[in-house]
Amino acid sequence: MSCCKDKANKDVVGAMKMRARMYYRIFCELREELGEERATAIMKRGIRQGGKDAAANLAQYAPGDLQGLKDAFLSSVPDNASMFSPEIVKCDHEDLVIQFHSCPLKEAYEDMGLDDEEKEKILAIAAAVDGGLFGGAGFEFSSTTWKPGQSGCCRLHIKPGK
């Protein structure tokens with residue numbers, strides 16, 4: 001059974017890395033055609049909408065069940081979110097803060113040899129999915145994406161919705 005779980009995890013991580021590479025290739029094409037600002041805006045809008053499309057499963061916890069949201073979100077990520085190595089920094093009735101210590105997307109960009117500035121740009125674009133997901137589910141959301149010199153990856157900040 002363990003070998004099957006290991007293969008499934010490897011397959012999911014591989015799919016996430018493929019998604020990352022596709023985001024980057026699409027971004028590069030858009031940037032060449034439209035410039036970086038427009039390419040970034042278009043990518044973020046599309047990726048955010050993808051997050052909104054997945055928000056229905058979390059909307060039942062809005063506007064303020066942050067504990068339920070945390071449990072549902074982490075259990076919905078393949079392999080119980082272990083590929084992101086999540087740390088719950090805070091979870092009470094006012095704030096849910098999740099720090100991801102690893103990320104298959106970031107690993108894919110490192111494997112591609114992107115420099116820190118380029119990684120920072122594309123990770124900020126990719127993180128738009130979380131804004132769509134949590135905002136679309138009815139929560140207030142912000143995030144801090146990876147910056148050069150930092151370890152880990154994104155930090156998600158979720159508050160009760162209005």
Side-chain angles (χ1 to χ4, degrees), residues 1-58 69-89 96-137 139 141-158:
M1 185 70 155
S2 177
C3 91
C4 295
K5 183 179 181 210
D6 291 345
K7 181 180 178 342
N9 179 275
K10 185 177 178 182
D11 290 347
V12 170
V13 169
M16 295 285 283
K17 287 182 175 185
M18 181 178 184
R19 176 180 128 203
R21 289 188 299 272
M22 288 175 57
Y23 280 173
Y24 185 68
R25 298 301 181 205
I26 293 167
F27 174 67
C28 288
E29 292 296 320
L30 287 170
R31 179 170 54 185
E32 187 174 315
E33 287 284 323
L34 305 171
E36 188 165 305
E37 188 175 315
R38 286 196 63 211
T40 298
I42 290 167
M43 290 287 297
K44 282 185 175 182
R45 279 196 318 265
I47 293 169
R48 188 175 298 110
Q49 187 58 50
K52 284 182 182 178
D53 292 347
N57 293 336
L58 300 179
L69 175 70
K70 172 189 67 82
D71 293 341
F73 170 66
L74 292 177
S75 70
S76 73
V77 178
D79 198 26
N80 293 320
S82 68
M83 71 182 86
F84 292 98
S85 302
E87 173 190 353
I88 306 306
V89 176
L96 170 58
V97 180
I98 304 171
Q99 174 69 51
F100 289 133
H101 290 283
S102 60
C103 174
L105 281 76
K106 182 181 170 204
E107 291 170 15
Y109 300 136
E110 290 168 347
D111 293 346
M112 292 172 73
L114 299 187
D115 65 31
D116 283 352
E117 182 180 332
E118 200 72 349
K119 274 191 299 199
E120 181 180 8
K121 284 177 199 172
I122 194 65
L123 286 167
I125 290 168
V129 70
D130 296 317
L133 180 67
F134 294 108
F139 294 88
F141 176 80
S142 65
S143 68
T144 306
T145 56
W146 177 84
K147 305 279 185 255
Q150 290 180 338
S151 62
C153 204
C154 298
R155 181 177 279 233
L156 311 181
H157 305 267
I158 304 124

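- Of all non-hydrogen atoms in I26 and M43, the two that sit nearest each other are CG2-SD, 3.5 Å.
- The two residues G136 and A55 make their nearest non-hydrogen contact at C-CB, 3.5 Å.
- Between I42 and R45 there is a side-chain heavy-atom pair separated by less than 4.5 Å.
- Under the 30°/60° scheme for interplanar angles, the aromatic rings of F141 and F134 are found to lie parallel.
- The OG atom of S75 sits 9.5 Å away from atom CG of N57, with the distance rounded to the nearest 0.5 Å.
- Once rounded to the nearest 0.5 Å, the distance linking CZ of F139 with CG of L96 reads 9.0 Å.
- In this structure, L105 CG and R21 CZ are separated by 10.0 Å, a value rounded to the nearest 0.5 Å.
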- Start with the C-alpha gap between F73 and L156, add the side-chain angles, then the distance that decides, and say whether side chain to side chain contact (heavy atoms under 4.5 Å, CB included) holds. CA-CA 12 Å; F73 170 66; L156 311 181; 4.2 Å; yes
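- For the atom pair C153 SG and F100 CZ, the distance stands at 9.0 Å (nearest 0.5 Å).
- For the residue pair Y109 and A20, the shortest heavy atom distance occurs at OH-O, 2.9 Å.
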- side chain to side chain contact (heavy atoms under 4.5 Å, CB included) between K70 and L74, intermediate numbers included: CA-CA 6 Å; K70 172 189 67 82; L74 292 177; 4.0 Å; yes
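- Contact record, L133 with A54: CD1-O, 3.6 Å, taken as the closest heavy-atom pair.
- Heavy-atom minimum distance, V129 versus R19: CG1-NH2, 4.2 Å.
- Here E120 pairs with W146, K147, P148 under the side chain to side chain contact (heavy atoms under 4.5 Å, CB included) rule; sequence neighbours left out.
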- Check against side chain to side chain contact (heavy atoms under 4.5 Å, CB included), M18 and M22: CA-CA 6 Å; M18 181 178 184; M22 288 175 57; 4.2 Å; yes
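- Taking each heavy atom of E118 and Y24 in turn, the nearest pair found is OE2-OH, 2.8 Å.
- E36 pairs by the side chain to side chain contact (heavy atoms under 4.5 Å, CB included) definition with F27, R31, T40, K121, not counting sequence neighbours.
- Between F84 and P104 there is a side-chain heavy-atom pair separated by less than 4.5 Å.
- Proximity of R155 to V97: side-chain heavy atoms (C-beta onward) are separated by under 4.5 Å at one or more points.
- In this structure, Q99 contributes its side chain and G152 its backbone to no donor-acceptor pair below 3.5 Å.
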- M83 vs E107, side chain to side chain contact (heavy atoms under 4.5 Å, CB included): CA-CA, chis, key distance, verdict: CA-CA 11 Å; M83 71 182 86; E107 291 170 15; over 6 Å; no
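- Using a 4.5 Å heavy-atom threshold, the side chains of I125 and L123 count as separate.
- The line from NZ of K106 to OG1 of T145 is 11.0 Å long, rounded to the nearest 0.5 Å.
- Using a 4.5 Å heavy-atom threshold, the side chains of H157 and T144 count as touching.
- A 4.5 Å side-chain heavy-atom check between I98 and P86 finds at least one atom pair inside the cut-off.
- Around NZ of K17, the count of heavy atoms belonging to other residues, nucleotides or ligands within 6.0 Å exceeds 12.
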